[in-house]
Amino acid sequence: MGIRHWFYTVPLRLRSLLRRNRVERELDEEFQYHLERQVGEYIAQGMTPEEARYAALRAMGGIEQRKEECRDMRRVSFIEDLLRDLSYGLGALRKNPGFAVVAVLTLALGIGANTAIFSVINAVLLRPLPFSQPDRLVHIWQTHPALGPTQTTYLDYSDWRKAARSFQGIAAYTFQATNQVQLLGEGEPEQIQATMVSHDLLSIIGVKMLHGRGFTADDEEKAQRVVLISERLWRRRFSADPGVIGRAVRLGPIANTVIGVVPDRQAFPSWADVWMPLSYLEPMLRETRRFRPLEVVARLKDGVSVEEAHSEISTIAANIGRTYPETNRKLGASVVPLLDKVTGKVRPTLLVVWMAVGLVLLVACANMAHLFLARTISRRRELAIRLSVGATPGDILRLLLIESALIVAIGGLLGALLASFLMPTLRSLAAHAIPRVSEAGFDTAVLSFTLAAIVITTLVIALPSYLEMRRMSLNLVTKQGDVHLFSQRGGRLGPMLMASEVALAFVAFAAALLLVRSFSMLTAVPAGFKGENVLAVDLSLSHYGSGSWEKARQTFETKLAPEIAKLPGVQAVATANMAPMSLDQAEISRYTTRVGIPGAQFEGAFPVVQVRWVSEDYFSALDIPLISGRSLRQTDLDKPRHLINETLARRFFAGQNPIGKQLLLNADTQQPQPVEIVGAVGDVRDLGLDIEAQPAIYSINTSPRFSLLVRSSTAPTSLAAGIRDIVHRADPEATIARVSTVEQVVNASLSRHRFARWLMVGFASLAAILSVIGIYGVTSFAVGRRAREFAVRAALGARPADLALLVLREGIVVSLAGMGTGLALIWATSGLIRSVLFTVSPGDPAALAGAGFLIIALCALSMSIPARRASSADPALTLKED
Amino acid sequence: MTSKDKADLLQGTLDMLILKALSLGPMHGYGVGQRIMQMAEDMLRVEEGSLYPALYRLEERGWIDSEWGTSENNRRARFYKLTRAGRKQLQVEEANWQRFVMVIGKVMQSA
């Protein structure tokens, strides 16, 4: 038979399935034809028409039975049964549209929210990096016992590269803000992100160039003026012309030859628009073990595990520490999978969000399971009849599964639709908070997740009904009679579902309240400056080489500051080497120095302090208070006079007046530079609201790349266009990287926290709505089942309040049990929750109490209507027939 | 002619007879029954009731195929015809049958 057999039968079966009506009609017609011919023949043999018809029918021997035999031959009965159940299910849903709408919407919300969040999880945490064998790629951090993982110095990177044996190759690139370069020449001058990379970076990662070639060892050794450009830059500035290879582009003052185009899909690092050989790195950054400009990636040799590589590199780091104790004594190194490095910070946030949205789906499942259970119980007569006329529990399980699958499938489809609407919102909400989130969307993994969610949800929903039905069938078999109204059996599943809903809702509430509290703690932290009405403009002037700082200061003082001050409403114009909150974690080492104090001893290394170069009006522009001494003046330029902040004063001059005392800058070098402290200012959290103020020093200075800070009495964004004009008139080749208010910058620095908070509050509200519906459903169904019991109690003299209390008391017991379970769940996940909280602990009494209060309120709300119904039980009901 | 004169069909031979009848050309269900009886010179009784399930069974196995056509009395009727697989099957069954008849014949003669 084989293939030919299928060739014949598959279309046949499909026909019987898809065109059941037609097949039926054909069967009828065929039998009809036969009967007519037979009757004709009998008449010809001399029978009367009536006799003939009777004889023909008798000869067939039960026409319906024959038809059934014919249908059986097609062996489609199982599927037909399914279809029959399906149409029965559809009919049942049509008869009960309220139930259907609530069920479908509940599941659409649950599955939709989960699909949307999973698309983010998938894009950010699960999808492998777009390189060959991405699981063999690792990131190597330098580590500090207090500061944690940091970037690496050039010399340490070189030592690792020479000594390590665990890797096929070790490569390095400079991190983001170190290298913004100005793209000049054709078109508007533009500030673009460059990175300097070891020649083998892209080949180690496994990048296939779109055009041209990658770097060679020769390019790096001889510091050739060659660059790679990103595909997006190539499309934007060079109209995707393949002839760009070999052309010169001006980056700052220097012409470089383009030798290759890096595809966007594989761009590494992804933010780079220009790749240059690592030999471009300033000698100052290359020749010390103090500055950490490099990110280091490596590919593991076959058979070497991350742990083995980690222990080797730790040993190497320890050896370096012994050789160079002044700089490296406390430093270690660690190896982590590259994917973890890329997603590191957001992983706990996403996992907490995932947990929360999972809770929403579980609450939805519990709701649906109870709705189905209630329906099953109220259909017990019908099911009992089915069982007694020969349906097996398997038949009924199939019926239950089909009905729940029907609802879940419709809900799931709607949910997927909802998710496709949610995804763009999520992507834009998370754009600045979460790496790789722009790739979130439907793919095979997300669709499989949705399908799996649909299947599991279906099973979970049908399970309690099936258990209930089995119990009923046992009763039938053991002749224990039908399920009586007073029976408490079967009532156990309802309270269990309700308790689990309460537990899940409690966890969702508590997590949301914890995040809300954490966020308000974060925003309530005194930043130390006032960012309202201050515009921050990050710009680079086209001054290069020696004397560029002096030229930049003159440009600011003579051309920018006076002109900007004339704009309407401007109150103060200042510069700083960085605007608050605009420093990436990775850049911090560039803005620090090590200081000593004449006559003081420091345990181990000299302490690290933050360095801010500012102009005279910086403190008034940001409203930073002077605590003691005097502020900086233009006349302090080039003089060794500095301001310190409160933290530095407290830490190093405790109990003394620091004014007039000396600090030694670059204390760890051969030429420490003594400076005088002229004043102290208030602490500023300019690295991030969640990072405590560090010791800091301020001096008057301006580099060619700085942030303009403009305070005005009007809305500062209205100044943007005017400032742009002034900057371009002063320096036509200047580039402006960013214009925003300091307030916006501060808000952006909180985006990850805000993202998590919004989602948690959203999901908790969803869980609240669903659990109110669920608890109402469970309670009112229980009250309905016990209507007669309440009637008897009323007849025996119970007052309405007693009856209501009876309902409420049982509900409260169940809710308390649920809350206990919820607390245990929070305790079990406290490690994860703690990692996304700022100063708030997962056991925060206020948040937990708040969640408990909300639960009690919701339970009371959901149970009030059923309780009232119980209290108005009519004693006359006792007399009525069931 | 009463039905007592007719032989009952041997278990399992109906399929073979249908295939044989259809090997003469496409025919509708009623015609198949008639044709078998003609070939048996009216000495065989084919139960109409078992004829149709057998036709459906053979179609399910891919030995015969069916399509709607117009009958000799100008009515729409479902016509069955032998497929290539059915033709082969008929040969196999004919061979089996010959052997069966021979063996049974020997047994019966030896008495």
Side-chain angles (χ1 to χ4, degrees), chain A residues 1-17 19 22-47 52-77, chain B residues 1-3 6 8-9 14-15 18 26-38 42 44-89 92:
Chain A
M1 288 199 261
I3 289 185
R4 209 162 38 219
H5 172 72
W6 285 105
F7 177 75
Y8 284 112
T9 56
V10 168
L12 258 175
R13 284 193 189 158
L14 281 180
R15 200 169 67 202
S16 2
L17 258 184
R19 298 185 298 190
R22 175 155 166 207
V23 169
E24 276 304 302
R25 236 184 14 248
E26 287 181 357
L27 200 57
D28 280 347
E29 199 177 343
E30 190 166 15
F31 275 73
Q32 198 56 44
Y33 176 78
H34 181 98
L35 286 177
E36 277 173 24
R37 293 293 300 263
Q38 193 73 58
V39 168
E41 171 153 351
Y42 284 147
I43 291 176
Q45 283 173 11
M47 291 190 192
R53 175 155 294 275
Y54 179 67
L57 280 174
R58 200 180 42 194
M60 281 297 271
I63 204 156
E64 278 312 312
Q65 198 185 332
R66 295 306 174 196
K67 279 187 189 169
E68 188 58 34
E69 279 175 27
C70 288
R71 287 186 206 112
D72 275 355
M73 290 305 159
R74 294 265 170 94
R75 290 187 216 121
V76 292
S77 51
Chain B
M1 186 168 52
T2 65
S3 54
K6 295 183 183 176
D8 275 324
L9 204 52
L14 178 58
D15 289 3
I18 292 175
M27 183 47 74
H28 46 73
Y30 178 78
V32 171
Q34 296 293 312
R35 196 180 269 177
I36 291 174
M37 285 194 274
Q38 279 167 16
D42 273 351
L44 196 62
R45 180 173 56 203
V46 177
E47 257 194 62
E48 288 90 339
S50 54
L51 178 66
Y52 285 92
L55 283 168
Y56 273 70
R57 180 168 60 237
L58 292 175
E59 189 175 11
E60 171 73 15
R61 288 182 183 164
W63 292 339
I64 61 176
D65 199 0
S66 71
E67 62 186 7
W68 287 86
T70 311
S71 69
E72 57 280 10
N73 64 347
N74 246 347
R75 285 282 316 277
R76 218 168 92 84
R78 192 204 280 269
F79 279 80
Y80 294 91
K81 67 170 191 250
L82 220 51
T83 65
R84 281 175 61 186
R87 214 166 284 280
K88 263 188 206 162
Q89 181 65 22
V92 172

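By convention in this document, chain letters (A, B, ...) are assigned in the order of the sequence lines, proteins followed by strands, and residues within each chain are numbered from 1. Predicted model, so just to flag it, every value in this text is computed and none were measured.
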- Verify side chain to side chain contact (heavy atoms under 4.5 Å, CB included) between His28(B) and Arg37(A), making sure each step is shown before the conclusion. CA-CA 11 Å; His28(B) 46 73; Arg37(A) 293 293 300 263; 3.6 Å; yes
- Under-4.0 Å salt bridge between Arg76(B) and Glu26(A): no
- Message: Please report the interatomic distance OH(Tyr56(B)) to CD(Glu30(A)), rounded to the nearest 0.5 Å.
- Response: 4.5 Å
- Message: Quick check for you: among Ser50(B), Ala54(B), Gly33(B), Ala77(B), which has the greatest number of heavy-atom pairs under 4.5 Å with chain A?
- Response: Ala77(B)
- Item | Gln34(B), part contacting chain A, at a heavy-atom distance under 4.5 Å | side chain
- Query: Pick from Glu36(A), Glu41(A), His34(A): which one has the most heavy-atom pairs with chain B under 4.5 Å?
  - Reply: His34(A)
- How about Tyr30(B) and Tyr33(A): are their ring centroids closer than 6.0 Å? no
- Message: Apply side chain to side chain contact (heavy atoms under 4.5 Å, CB included) to residues Tyr52(B) and Leu27(A) and explain how you reach the verdict.
- Response: CA-CA 10 Å; Tyr52(B) 285 92; Leu27(A) 200 57; over 6 Å; no
